Each structure stands twice: as structure tokens, then as C-alpha cells.
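What follows is a single structure, written as C-alpha cells, with notes after it.
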Protein chains: 2
Amino acid sequence: MKSPKKPSIAAESDRTIDIYTKAAEIFHEQGFDATSMSNIAAAVDLTKAGLYYYIESKEDLLFAIMNYAMERLETMVIEPSRQFDDPRKRLESIIACHGRLLTEGNTAVAILTDEIEGLKPKHRQQILDRKRVYMEFVRDTLEALRAAGRLRDVDSTVATFSLFGTLLWLPRWYHADGKLTGDQVIEEITKIATGGLINDVDGN
Amino acid sequence: MKSPKKPSIAAESDRTIDIYTKAAEIFHEQGFDATSMSNIAAAVDLTKAGLYYYIESKEDLLFAIMNYAMERLETMVIEPSRQFDDPRKRLESIIACHGRLLTEGNTAVAILTDEIEGLKPKHRQQILDRKRVYMEFVRDTLEALRAAGRLRDVDSTVATFSLFGTLLWLPRWYHADGKLTGDQVIEEITKIATGGLINDVDGN
DNA sequence: ACAATTCTACCGACCGTCCGGTTAGTTAAT
DNA sequence: ATTAACTAACCGGACGGTCGGTAGAATTGT
């Protein structure tokens, strides 16, 4: 009766997901290199050998976390935002969805940026390729704005990186128990980012 | 006749400065934890033992680099920008000066953000305190804009972090041999950031 | 003037520790 | 009896750091 089937991303067991989640948190707090497998094992109440019953290697664990994070980005940011035809609405959706992933504590997504160097070249390239797709989705959105005469006179590549910088920095300073709620922070960031990009001559 | 006195930051020898510079570059490329002392030693044509003639410990080396970076931020960003009384000019100066430090390859400044966890708690707190001073300088500038009725309706803390995010992300994607020059990138970032913050109703 | 001494800038070899990962075996439930 | 889910003990290797020593330049004593 309790979770009879769990056809998640790759049919992982509950325990495996628990390990991924905890590992992502610890990687996020301490960094990949500074985290030992014993640290992770202890956090999920296992010995190191017990942990290796579930995973193949440290690098593989990181790769799995990053694949999960990319899958979240794609299904929780790109897909929902793609449904907006209006480029401004689409841009706002990207910021809000991505921001929400980060403020709601999806540490895996936060790791995506910081720990890429921990991957072997082949795995790294796979993740970078998927990130590139995301980046070009954002850039295309900006270019759609430009085509409609609604983008300020800014380079879309620099604009995309600027937006990413703002978003990627978010999990390093935002804490859920601060004076602003996650939704408030997202709204502020949306105001700032769109204000810097959108030509507001006709007020929409 | 050749450099008779060199009263630099702390009267360091040429060799020491060379070590700091090279170490900063390698830390920036590979990360602090992923860099071994032998790596650094080889990069400055020394053995590990020879390297330890100049430094006390790996952590101490990182601390020295970060102190140097903070000193650069203070003298090359805060001090020159403080001379502008007009808050908009001051904000633009902050972005331009900080951006220039990063595009001109001051790797030490780039490290400041990413490798804080490598420091011992006491040293880390010292650096964080100095960074806090910088952050409040930026926030005060935004509040001065607000007092003059020239800031959009945005939270100044979130705005400061957003700006920092954009700047701190810069050295991770900008390469000097790209299609845009450093100055062009800085100008674009300035447009985007100020556009998102400044209330342009009366055009200045 | 020159030998004796001291100092600067380094090196080869080594040490204890910790890490990622393995192996051989145990336990508990089917 | 078999299998899934572990554990205690261990391994090779890399790491940060140390130690004893030394070539050569600089300084000092006479």
C-alpha cells in the first residue's frame, strides 16, 4: 500500500532517492571535493561500504544528481514556460519557475552550476549540452522580444548571462527564514530583471 | 636602478607575488580543493618543499590571495566610486570598476566568491566582514537613489544581490578572446543593471 | 686579502592521515 | 536455500606538510 510502484526518472528506489537528496544537500553545503563518501554514508545512516551498494562511484553520484537537476529544469522551467507565446510572459515564467525551484530548496539545481568540474569530461559535456539548450531557450525568448520591438538595445547573450548570474546567485544568499518570503524574492527579481531588459514605452 | 624599493601591500618579495598570482590562477581554474600544493609548486618551478619556504600553509596561501583581492576591490572599486556624489554615477562606477577588475583577469577577485569555504572560520569571517562593507556600500547607493525618487519600487537588498550575481557570474563565462571586448560587456551589463533599477521617468 | 661563518633559497625523501573504493562475510526476510 | 541489504576491515594512493641537508651568495673576523 505504501508506494507500490515508483516509476520516477529512472525507476530508482526510495532509498536511492534519499541518498541522492541528502548527497545533494551536503555537496551544496560543503562542496563536492570537500565532501567524503563517509560523510554522505553517515548522513543516510549507512557505512561507506553500505553506501556503495547503491551507487557506483562518487563521480557517478554527482552525475546522477546533475541529471536529476537538469530533468527538473526541463520539466519545471522550460516546458511550462514554452506554453507562453508572448515572449514577455515567457520570460517572466522562466524567472519565476527557476526561482521557485531554488527558493523551495532544490539543492540539486543549485549544485548544477558550482560542481561541474567534479564530473569526468564525457559526463560534463552531456550536462553542458543540456544547459546550453536551456540558455538558448532564454536567448531565443529575448530575441523574440527584440523582434517585437520590446527589447532594450542590449546584447542578448550578455543579457542571458546576466539573468543567469542573478538566478544562480540566489541560493547562495537566500534563506527561507529570512525577512522576505520566496515568492517576494522572486517577484523582486522579476521586476529587476525584466525592468532591465524590456522596453516599456507602451506599458506592457 | 631596477625596483629599489617595493613597499607593496605588505612588502612581499617579487617571488611571493609571483606565487600568489599563479596560485590564484590555478585555484580559479581547478578549484581550491582540487589543486594540490605540488601543482602550484610546479607552476612556479619549485618543489613542494621549496614552495613551503615562502608560505605557511595552503589555507594561509588562500587567505593571502583573498586579502589581496579585497584590497583590490576596496582601492579599485569602492574608493574611486565613493567620489561620485550622484548616486546614479556612483552605481555606474561600481559596476564599471568591478567589471573591469574581472574582465582584465584579476583572478584573485574571482576566487573571492567561490572558495570561501576553503578558509578557516576565523579567516573566513574576516573576509566576509570586508565583503559586507562592500555590499552595504552598494545598498546605500541604491537607498540614496530611492531618497532622490530615482529608484524603481524594488527591495534594495534583493537588488544588491541581483547585481552581485550578475557581476560574480561574469568571470565564469567571459573570455577575453570572445566576440565582445571587455569594455563592451561592461557597457551592456551597466545598461541592463541600471535599466532594471533606475526610474527613468525624467530621463537621467 | 682571504678564510671562516652565516644566511638565502631551495631539494629529495619521507611521514601520518584521509580518501575513494573493495572484499569477504554477516544478518534478516522470504 | 537464496537473496537483498548491509558491515568490519582493509588497500593503494594522494595529499598537506616536515626534515635534514646543501650550493652559492653575502657577511664577518683577522
Side-chain angles (χ1 to χ4, degrees), chain A residues 1-6 10-24 26-27 29-66 111 115 117-124, chain B residues 2-6 11-24 26-27 29-66 111 115 117-124:
Chain A
M1 195 52 72
K2 40 176 178 175
S3 64
K5 274 198 262 182
K6 267 249 179 165
E12 314 280 10
S13 78
D14 282 1
R15 199 71 208 260
T16 310
I17 286 177
D18 182 38
I19 290 170
Y20 288 173
T21 308
K22 266 286 192 310
I26 303 177
F27 285 158
E29 279 166 28
Q30 309 188 351
F32 178 70
D33 285 316
T35 303
S36 74
M37 296 306 276
S38 306
N39 289 160
I40 297 170
V44 293
D45 281 313
L46 282 174
T47 59
K48 197 173 25 151
L51 175 61
Y52 270 88
Y53 175 76
Y54 291 98
I55 66 166
E56 273 211 347
S57 69
K58 191 188 187 186
E59 194 266 350
D60 212 69
L61 173 59
L62 179 61
F63 186 50
I65 291 171
M66 289 203 171
I111 286 170
E115 307 294 355
E117 295 297 319
L119 293 177
K120 288 183 294 188
K122 194 181 289 183
H123 287 163
R124 188 187 313 158
Chain B
K2 40 174 180 176
S3 66
K5 273 197 264 182
K6 268 245 177 165
E12 315 280 10
S13 78
D14 282 0
R15 199 70 207 260
T16 311
I17 286 177
D18 181 39
I19 289 170
Y20 287 172
T21 308
K22 265 287 192 311
I26 303 177
F27 285 158
E29 280 165 28
Q30 310 188 353
F32 178 70
D33 286 313
T35 303
S36 74
M37 296 307 275
S38 307
N39 290 161
I40 297 170
V44 294
D45 280 313
L46 282 175
T47 60
K48 196 174 25 152
L51 174 61
Y52 270 88
Y53 174 78
Y54 291 98
I55 65 166
E56 272 211 347
S57 68
K58 192 187 186 186
E59 193 265 351
D60 213 69
L61 173 58
L62 179 62
F63 186 51
I65 290 171
M66 289 203 172
I111 285 170
E115 307 294 355
E117 294 297 319
L119 294 176
K120 289 184 294 190
K122 193 181 288 182
H123 287 162
R124 189 185 315 158

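All values derive from a computational prediction rather than experimental measurement. Residue numbering restarts at 1 for every chain, and letters A, B, ... go by the order of the sequence lines.
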- [ ] Return the orientation label for the B:Phe27 and B:Phe32 ring planes: parallel under 30°, perpendicular over 60°, tilted otherwise.
- [x] perpendicular

- [ ] Determine, stepwise, if the pair B:Asp60 / B:Ile55 fulfils side chain to side chain contact (heavy atoms under 4.5 Å, CB included).
- [x] CA-CA 7 Å; B:Asp60 213 69; B:Ile55 65 166; 5.9 Å; no

Open item on the list: Counting C-beta onward and ignoring hydrogens, is there a side-chain heavy-atom pair between B:Lys22 and B:Ile40 closer than 4.5 Å?
Closed with: no

Task: Opening and closing nucleotides of DNA chain D in contact with chain A, under 4.0 Å to non-hydrogen atoms - done: D:dA4 to D:dA8

- [ ] Report yes or no: does A:Lys48 contribute a side-chain atom to a donor-acceptor pair with the main-chain N or O of A:Ser36 at less than 3.5 Å?
- [x] no

Open item on the list: What does the B/S/- profile of nucleotides 11-30 of chain C look like, 5' to 3', with a 4.0 Å heavy-atom cutoff to protein?
Closed with: BB------SBBBB-------

TODO: Could you go through the side chain to side chain contact (heavy atoms under 4.5 Å, CB included) check for B:Glu115 and B:Ile65 one step at a time?
DONE: CA-CA 11 Å; B:Glu115 307 294 355; B:Ile65 290 171; over 6 Å; no

Open item on the list: Can a donor-acceptor pair be found, under 3.5 Å and without considering hydrogens, that links the side chain of B:Glu59 to the backbone of B:Lys120?
Closed with: yes

Open item on the list: Run A:Arg15 and A:Leu46 through side chain to side chain contact (heavy atoms under 4.5 Å, CB included) and show every step you take.
Closed with: CA-CA 11 Å; A:Arg15 199 71 208 260; A:Leu46 282 174; 3.8 Å; yes

